[in-house]
Amino acid sequence: MIKFEGVHKWFKKLHVLNGIDLHVKQGEVVVVCGPSGSGKSTLIRTINQLEPIQEGGLIVDGMDLRSKKTDINKLRAEVGFVFQQFNLYPHLSVIDNITLAPIKIRKSSKKEAQEQAMELLERVGLAVKRDAYPTQLSGGQQQRVAIARALAMKPRIMLFDEPTSALDPEMIGEVLSVMQDLASSGMTMVCVTHEMGFAREVSDRVVFMDHGVILEEAQPEEFFRNPQHDRAKQFLKQLLSPMH
Amino acid sequence: MEEALNFQVIIDNLTYFMIGRYPNGPLGGLGLTMYLAVVSCVLSFFGGLILGLLSLSRHAWIRHPVNLFINAVRGIPLLMVIFWMYFLLPALMGKTVPEATTVIMGLTIFTSAYMSQIVRAGIQGIPKGQTEAAISTGLKPWQAMLYIILPQGLRNMIPSFVNQFVSLIKDTSLAFIVGVSELTHVGTQINNRTMAYPTEIFIFIAAVYFVLCFAFTSFSRWLEGRLAWRKSI
């Protein structure tokens, strides 16, 4: 479904992705973790070409991203993306946030798009907020709307870039449970997150990155019980007991 | 000079101040001032929008010439631009062009250049995440601009637009230099004819400009209030 082969990326002189090889299969849930500045956000952003890559091969849902013939807009329609900062459109109501892309890109009728949006809002537990504006919602509610917005395009892959990092602790759970629900429905997912509980219980595989390199790839149980790499051990120690 | 001000001259010439010789002759006075301002205002809104968008183009071959043009116009006094239009337009078109059209062209080009900078800043002021969110749902970049960025940006631009348009209203007085009989020109005409009341005439003209600009500013405040999106939680 997603295949990185020797991918390199530079920001000016900074080598942010340094030879990434990664293969995500259909229906798989992969968690990417690592210290800040490790390149994990950049990695996930290359999958829908919010960040172009400079070297190597990247194939997403059968589309070769290095080929000039690939229609990037078409690819992005098939790949949902959820941002750390939600990025809802503040001038549009919740329902209009969700229906905009299906109406403009999928050419759904307004009625059809709204019915589908209401189903999605039901699913994330926010049907009553259909006419609210984003600023009237809490962070957790905004993020759930953002997930519904991404799902409205019926994507084949969902990408999450630290979806809970901007949330108050008591709102993290509501977003994670939506993600868990999505994972169990068979969605192919790549999540950059520090939520180790989510990684342990929901993911099929954990990828640990540092300095633009994938240092470790393992089943979650194995990764948490017996990390191989020193930096992964250090990272887990800091994450699980931040006070020491 | 012990004499009190005598505004009888204003009352006697009020119709001429307001509409010139209209309907028996061409529109003049305040009516023409407003016509020049409104037409230039509408044209330079679109002119500024187009120039502003082009100046943000991804393609250097579009961006650079546009920025050169904008900077060139911003570096020239408006009076020069009007003069240029006055002499250049007839030469380019190969026929005479009405003076009012000349002035509208000059005002539009000049104001568009300034408006383009407001548009550019307004667009750049919208967080990058908005564009990323839009294109990541599959919207094409122009759709992201049209449906997401511009509606938010334009609201933020309103106060600067209003400043620019108030300047524009006052700048129409420069049409006087090419003999367009707008308010200022009419004032000088009446002054030359009566000779005795320059203070009264120019106080009146200043007051008319003030009322016009103030009304416009107040209207835009009201509009801003109506367009402000809900901030309540």
Side-chain angles (χ1 to χ4, degrees), chain A residues 41 44-45 47-51 71-93 96-107 131-139 141-142 145-146 148-155 157-161 166, chain B residues 45 49 52-53 56-61 63 118-162 220-233:
Chain A
S41 276
I44 199 171
R45 286 163 61 89
I47 299 174
N48 72 345
Q49 289 287 282
L50 287 178
E51 302 287 355
D71 181 350
I72 296 300
N73 298 316
K74 195 158 170 278
L75 166 89
R76 286 176 179 147
E78 305 302 329
V79 179
F81 199 101
V82 176
F83 297 85
Q84 181 177 356
Q85 299 295 341
F86 332 131
N87 294 344
L88 293 180
Y89 314 132
H91 62 303
L92 298 180
S93 65
D96 290 342
N97 262 274
I98 299 174
T99 56
L100 180 70
I103 291 173
K104 300 299 175 194
I105 306 298
R106 298 277 191 242
K107 309 291 176 202
D131 296 318
Y133 280 80
T135 46
Q136 296 169 309
L137 303 179
S138 72
Q141 291 171 329
Q142 289 192 48
V145 172
R149 177 177 68 183
L151 290 174
M153 288 299 283
K154 302 200 172 78
I157 299 169
M158 282 288 283
L159 307 174
F160 294 84
D161 186 9
Chain B
F45 172 78
L49 197 59
L53 289 171
L56 289 169
S57 167
R58 271 177 302 169
H59 306 291
W61 59 272
R63 200 171 58 231
I118 298 169
V119 170
R120 188 178 55 81
I123 289 173
Q124 286 176 333
I126 303 299
K128 207 160 177 279
Q130 291 289 310
T131 308
E132 290 186 347
I135 61 174
S136 74
T137 58
L139 291 175
K140 297 177 184 76
W142 70 265
Q143 290 174 313
M145 181 59 78
L146 185 62
Y147 301 120
I148 304 302
I149 305 303
L150 275 183
Q152 297 181 55
L154 285 174
R155 284 177 220 211
N156 298 342
M157 295 172 206
I158 291 175
S160 312
F161 279 162
V162 171
S220 73
R221 284 251 167 77
W222 172 82
L223 189 70
E224 252 175 81
R226 286 203 36 149
L227 285 178
W229 55 68
R230 297 163 216 210
K231 289 225 160 83
S232 61
I233 292 177

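Keep in mind that the numbers below use all heavy atoms, side chains included, and drop hydrogens, waters and symmetry copies.
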Largest heavy-atom contact set with chain B, pairs under 4.5 Å, which of Asn48(A), Asn87(A), Leu92(A), Leu159(A): Asn87(A)
Residues that Lys74(A) engages under side-chain contact (heavy atoms from CB on, under 4.5 Å), provided they are two or more places apart: Asp71(A)
Exam field: side chain Gln49(A) to backbone Ser136(B), donor-acceptor pair closer than 3.5 Å: no
Which atom of Ile105(A) lies closest to which atom of Gln143(B), heavy atoms considered: CD1-OE1, 3.3 Å
Chain A contact via Gln130(B) - side chain, backbone, both or neither, heavy atoms under 4.5 Å: both
Chain B-proximal positions within residues 78-86 of chain A [heavy-atom distance under 4.5 Å]: Val79(A), Phe81(A), Phe83(A)
Taking every non-hydrogen atom, the tightest pair across Arg149(A) and Ala133(B): NH2-CB, 3.4 Å
Set of side chain to side chain donor-acceptor pair (under 3.5 Å) partners for Glu132(B), sequence neighbours left out: Arg45(A)
Leu139(B) side, atom CG; Lys104(A) side, atom NZ - distance, nearest 0.5 Å: 9.0 Å
Enclosure of Arg63(B) CZ (heavy-atom neighbours >12, cutoff 6.0 Å): yes
Interatomic distance, Ile148(B) atom CD1 to Leu100(A) atom CG [nearest 0.5 angstrom]: 5.0 Å
Side chains of Pro141(B) and Asn73(A) in contact at under 4.5 Å (non-hydrogen atoms): yes
All ring-ring contact (aromatic ring centres under 6.0 Å, His included) counterparts of Phe45(B), not counting sequence neighbours: Phe161(B)
